[in-house]
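Presented below is the structure to which this report refers.
Predicted, not measured: the structure shown is a model, and the values here were computed from it. Letters go in sequence order (proteins before strands), and every chain restarts at 1.
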2 protein chains.
Amino acid sequence: MASNERKQENPQAAAAIDRIIHEPARYMIMAYLYVVESADFIFLLNQTGFTRGNLSSHIARLEESGYVEVIKEFVAKKPHTMLQLTRKGREAFEEYRKSLQQMLDGLPK
Amino acid sequence: MASNERKQENPQAAAAIDRIIHEPARYMIMAYLYVVESADFIFLLNQTGFTRGNLSSHIARLEESGYVEVIKEFVAKKPHTMLQLTRKGREAFEEYRKSLQQMLDGLPK
DNA sequence: GTAAACAAGTTTGTGATACAGACTAAACTG
DNA sequence: CAGTTTAGTCTGTATCACAAACTTGTTTAC
């Protein structure tokens with residue numbers, strides 16, 4: 001254990017966190033998609049209580065990150081947006097939860 | 001359980017989170033203070049690897065929130081800043097950890 | 001058939017925030 | 001006393017979360 005092995009103590013776990021998922025709004029979205037497997041814009045809107053604009057931009061961010069796939073189609077002549085986690089998104093979500101758990105386990109009591 | 005008890009499902013746990021502590025940098029600071037009981041600026045600087053400016057502003061935020069007490073004194077003629085969690089800060093930290101744990105427990109598997 | 005109302009999102013504007021780099025003030029060094 | 005070090009603070013900037021305004025198309029009212 002060389003002397004330059006400094007600062008690898010516990011609270012450091014917090015530094016390794018996926019900031020995309022760390023935002024509670026996005027965590028909520030991903031958590032729904034994680035269990036539901038696929039959901040539409042309106043469903044998420046109702047469940048989360050976000051404004052449309054806010055929801056829209058979080059979805060855009062998740063899409064850019066490659067965490068969700070956005071499928072747009074027309075249903076009964078209206079636009080309809082379906083969301084689902086990508087494989088990458090699912091893995092990132094699991095990884096994030098693992099990190100958090102480690103962070104929590106890091107402290108005694 | 002009235003029918004208007006809607007949307008109290010699990011991912012909602014993410015909405016109730018203390019944003020002050022949710023920032024990983026501040027979580028790290030509070031985690032150190034939680035175990036160490038009291039630490040100085042330089043110690044935190046070394047442990048966290050933050051820049052002075054960044055550390056300074058997070059400390060300011062924690063102080064405003066009433067989560068840490070900042071004690072400035074002169075040691076060997078040099079300014080010396082000691083930090084310690086307030087009771088409120090300690091409770092908020094425990095509360096935050098509890099919320100996170102609930103959030104994690106919220107999902108199956 | 002045109003106008004008002006509605007539906008489903010997207011774009012834009014704003015205020016807050018995280019971070020780093022420049023700055024400051026005091027003390028020590030040669 | 002000029003320069004350097006120490007210990008922080010202040011300032012500038014890029015990013016972000018959020019809401020309000022806007023867009024595109026459909027349905028309803030007259």
Side-chain angles (χ1 to χ4, degrees), chain A residues 7 11-12 14-33 38-65 67-84 96, chain B residues 11-12 14-33 38-84 96:
Chain A
K7 75 153 78 161
Q12 288 289 342
I17 268 174
D18 185 334
R19 302 292 281 236
I20 297 292
I21 307 180
H22 198 52
E23 167 60 36
R26 284 189 294 264
Y27 179 88
M28 283 174 59
I29 295 171
M30 291 190 76
Y32 277 115
L33 294 178
S38 122
D40 63 15
F41 190 94
I42 297 299
F43 172 79
L44 290 174
L45 196 64
N46 292 334
Q47 292 298 314
T48 62
F50 301 156
T51 59
R52 288 164 193 278
N54 195 14
L55 179 56
S56 175
S57 48
H58 284 304
I59 288 174
R61 206 124 162 56
L62 290 170
E63 188 179 19
E64 284 163 30
S65 310
Y67 287 176
V68 311
E69 187 182 5
V70 178
I71 301 142
K72 287 170 193 298
E73 52 192 350
F74 277 78
V75 172
K77 304 278 183 168
K78 287 175 199 165
H80 185 244
T81 300
M82 285 294 295
L83 287 307
Q84 85 187 33
Y96 173 78
Chain B
Q12 288 290 340
I17 268 176
D18 185 334
R19 301 294 277 237
I20 297 291
I21 307 180
H22 198 52
E23 168 59 34
R26 284 189 294 265
Y27 179 88
M28 283 173 59
I29 294 170
M30 292 190 75
Y32 277 115
L33 294 177
S38 121
D40 62 15
F41 191 93
I42 298 298
F43 172 80
L44 290 174
L45 196 64
N46 293 334
Q47 292 298 315
T48 61
F50 301 156
T51 59
R52 288 162 190 279
N54 194 14
L55 178 56
S56 176
S57 51
H58 284 305
I59 287 174
R61 205 125 163 56
L62 289 170
E63 188 179 18
E64 283 162 29
S65 310
Y67 288 175
V68 312
E69 188 182 4
V70 178
I71 301 141
K72 286 172 194 296
E73 52 190 350
F74 277 78
V75 172
K77 304 282 183 165
K78 287 175 196 162
H80 186 243
T81 299
M82 286 293 296
L83 288 305
Q84 84 185 36
Y96 173 77

Looking only at D/dT26, C/dT10, D/dT9, the nucleotide nearest the A/F41 side chain is C/dT10
Any chance you could measure A/L55, atom CG, to A/L83, atom CG, to the nearest 0.5 Å? 7.5 Å
It should be established whether A/H58 places a side-chain nitrogen or oxygen under 4.0 Å from OP1 or OP2 of nucleotide D/dC18. yes
Which atom pairs, one a donor and one an acceptor, fall under 3.5 Å between side chains of residues 62-72 of chain B and the rest of the protein, sequence neighbours left out?
{"residue": "B/S65", "atom": "OG", "partner": "B/R61", "partner atom": "O", "Å": "2.7"}
{"residue": "B/Y67", "atom": "OH", "partner": "B/D18", "partner atom": "OD2", "Å": "2.7"}

Between C/dG9 atom C1' and A/F43 atom CZ, what is the distance in whole Å? 18 Å
Taking side-chain contact (heavy atoms from CB on, under 4.5 Å) as the test, write out the residues that go with B/S38, two or more places apart. B/M82, B/Q84
Rounded to the Å, how far apart are B/R61 CZ and D/dT9 P? 16 Å
Partner set under salt bridge (charged side-chain N to carboxylate O under 4.0 Å, His left out) for A/R52, not counting sequence neighbours: none
Here's a test of your reading of the structure: between B/R19 and A/A76, which maps to the more 5' nucleotide of DNA chain D? B/R19
Atom CE of A/M82 and atom C1' of C/dG9: how far apart are they, to the nearest Å? 16 Å
Please name all residues satisfying ring pair (Phe, Tyr, Trp, His ring centres under 6.0 Å) with A/H22, sequence neighbours left out, ordered by chain then number. A/Y96, B/H22
Below 4.5 Å, heavy atoms only, C-beta onward: do B/I17 and A/Y27 meet side chain to side chain? no
Does B/R26 place a side-chain N or O at less than 4.0 Å from the phosphate oxygens OP1/OP2 of C/dA18? yes
Check whether any side-chain N or O of B/K72 sits under 4.0 Å from OP1 or OP2 of C/dA26, and answer yes or no. no
When the distance from NE2 of B/H80 to P of D/dA7 is rounded to whole Å, what number comes out? 8 Å
Using atom CD of B/E64 as one end and atom P of C/dA18 as the other, report the distance to the nearest whole Å. 11 Å
Round to a whole Å and report the spacing from CD1 of B/I59 to P of D/dC10. 13 Å
So, does A/S56 get its side chain near the phosphate of C/dG9, meaning an N or O under 4.0 Å from OP1 or OP2? no
Taking for each residue the nucleotide of DNA chain D with the nearest heavy atom, is it A/K78 or B/I42 whose nucleotide lies nearer the 5' end? B/I42
Using the side-chain heavy atoms of A/A25, tell me which of these nucleotides is nearest: D/dC18, C/dT10, C/dG9. D/dC18
Report yes if the side chains of A/S56 and A/F50 come closer than 4.5 Å at any heavy-atom pair, otherwise no. no
What are the atom names and distances for every N/O pair under 3.5 Å that joins the protein to nucleotides 20-23 of chain C?
{"residue": "C/dA20", "atom": "OP2", "partner": "B/T51", "partner atom": "OG1", "Å": "3.3"}

What's the CD1-P distance between B/I29 and C/dA18, to the nearest Å? 11 Å
Could you tell me the separation between the NE2 atom of B/H22 and the P atom of D/dC16, rounded to a whole number of Å? 15 Å
